[in-house]
Visitor: 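Next up is a structure, given as structure tokens.
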Amino acid sequence: MRIDILTLFPEIALAPLSDSIIQRARDAGLVDIHGHNLRDWSQDKHKRVDDSPCGGGPGMVLQPGPLHAAITALKKESTRVVLMTPQGAPFKQAHARRLSLETHLLIVCGHYEGVDHRIVESLIDEEISIGDYVLTNGAIAAAVLCDAVIRLLPGALGDAQSAIEESFSDPNLLEAPCYTRPIEFDGMKVPEILLSGNHAKITEWRKQQAIARTRQNRPDL
Ligand code: JCE
């Protein structure tokens, strides 16, 4: 898979993708990631890429000219073009699975208040938000999406990690609480049942804890 990231802050998008499991996937040739600065496609001598919103209001909007030049330069026939935006569909694991099957992703990050909507209509395949909270910079959202997609590429996770992934994880249930040594820490003990050696009872306890935790923290599931 190839991923191109178009942003005013390529180094912010690339930093979290340059270490650990994702860097190993890059080294193994599973994914080829390229950052691009939108300012490189600016069409004036001040390298301007934004202007105030038509109709008034706060902030600045990314102009269509630089975005059109950049996207048409970077996209090919088979490219899926994704815009990171607070107005996008909420990002879910199903999006990550679907995008992990593509051969080429072009991730476009706006900045400031938004992107001229003519670009959204003519060149963007889908708009995605990483969740209902406010960020300062769309490049952070792009890094989150890329991480979730790249770890799904065949071979990206070590064998041990993929096996754990397959044997556990019900998508509608949070994991039970977990503990490790020491058995007593700061006056707090590990639940007796986990030390009992009774695997049937442990499995049942974990199931009940998972249900209670899901009800508490994720009633929507
Ligand atoms: C983004 C910004 C609103 C001013 C481009 C944020 C947030 N939860 C979120 N998912 N995706 C985002 C996101 C995506 C792209 C951009 N910002 C920051 N947002 C108003 C600035 C800029």
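For clarity, every value in this text was computed on a predicted model and none was experimentally measured.
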Visitor: Is there a donor-acceptor pair under 3.5 Å between the side chain of R206 and the backbone N or O of A176?
Guide: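 No, the answer is negative, given that no donor and acceptor are paired below the 3.5 Å cut-off.
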
Visitor: Which heavy-atom pair separates T72 from A69 by the least distance, and what is that distance?
Guide: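 Of all heavy-atom pairs spanning T72 and A69, the closest is OG1-O, 3.3 Å.
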
Visitor: If you apply the rule side-chain contact (heavy atoms from CB on, under 4.5 Å), what do you find for I202 with L194, and how did you get there?
Guide: CA-CA 6 Å; I202 290 170; L194 296 178; 3.9 Å; yes

Visitor: Among the clusters formed by ILVMFWY side chains lying less than 4.5 Å apart, do L74 and L17 turn up in the same one?
Guide: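 No, separate clusters.
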
Visitor: With clusters defined by side-chain heavy atoms of hydrophobic residues (ILVMFWY) lying less than 4.5 Å apart, directly or transitively, does V49 cluster with M60?
Guide: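 Same hydrophobic cluster.
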
Visitor: Within a radius of less than 6.0 Å around OH of Y179, do more than 12 heavy atoms belonging to other residues, nucleotides or ligands occur?
Guide: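 More than 12 within 6.0 Å, yes.
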
Visitor: Any side-chain heavy-atom pair from L99 and L145 closer than 4.5 angstrom?
Guide: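 Yes, at least one pair of side-chain atoms sits under 4.5 Å.
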
Visitor: Whether the side chain of R181 engages the backbone of I183 through a donor-acceptor N/O pair (distance < 3.5 Å, no angle test) should be reported.
Guide: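 Checking the backbone N and O of I183 against the side chain of R181, no donor-acceptor pair under 3.5 Å is found.
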
Visitor: Hey, does the side chain of T85 reach the backbone of Q87 with a donor-acceptor pair shorter than 3.5 angstrom?
Guide: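 Yes, the answer is positive, given that a donor and an acceptor are paired below the 3.5 Å cut-off.
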
Visitor: Among V61, L83, V108, which residue satisfies the side chain to side chain contact (heavy atoms under 4.5 Å, CB included) criterion with V115?
Guide: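 Of the listed residues V61, L83, V108, the side chain to side chain contact (heavy atoms under 4.5 Å, CB included) partner of V115 is L83.
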
Visitor: Spell out, as yes or no, whether a donor-acceptor pair under 3.5 Å connects the side chain of R24 to the backbone of A156.
Guide: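 Answer holds: yes.
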
Visitor: Taking the side chain from S100 and the backbone from V149, do they hold a donor-acceptor pair closer than 3.5 Å?
Guide: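 No, S100 side chain to V149 backbone: no donor-acceptor pair under 3.5 Å.
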
Visitor: Looking at V81, is its backbone amide N or carbonyl O close enough to the side chain of D125 to form a donor-acceptor pair, meaning the two atoms are under 3.5 Å apart?
Guide: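 Confirmed, D125 side chain pairs with V81 backbone.
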
Visitor: Tell me if a side-chain donor or acceptor on R213 pairs with a main-chain N or O of E175 at a distance below 3.5 Å.
Guide: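 At least one qualifying donor-acceptor pair exists.
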
Visitor: Would a 4.5 Å heavy-atom cut-off, applied to side chains only, mark N198 and I193 as touching?
Guide: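 Side-chain contact under 4.5 Å: no.
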
Visitor: With hydrophobic residues grouped by side-chain heavy-atom distances under 4.5 Å, do I107 and I12 end up in a single group?
Guide: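 The answer is no; the residues belong to distinct hydrophobic clusters.
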
Visitor: Give the minimum heavy-atom separation between A142 and C109, together with the two atoms involved.
Guide: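 Closest pair (atom of A142, atom of C109, distance): CB-SG, 3.5 Å.
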
Visitor: Kindly give the heavy-atom pair with the smallest separation between S78 and T103, and that separation in Å.
Guide: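 The pair with the smallest heavy-atom distance is OG-OG1, 3.8 Å.
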
Visitor: What are the two closest non-hydrogen atoms of A25 and I150, and how far apart are they?
Guide: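 For A25 and I150, the tightest heavy-atom pair comes out as CB-CG2, 4.0 Å.
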
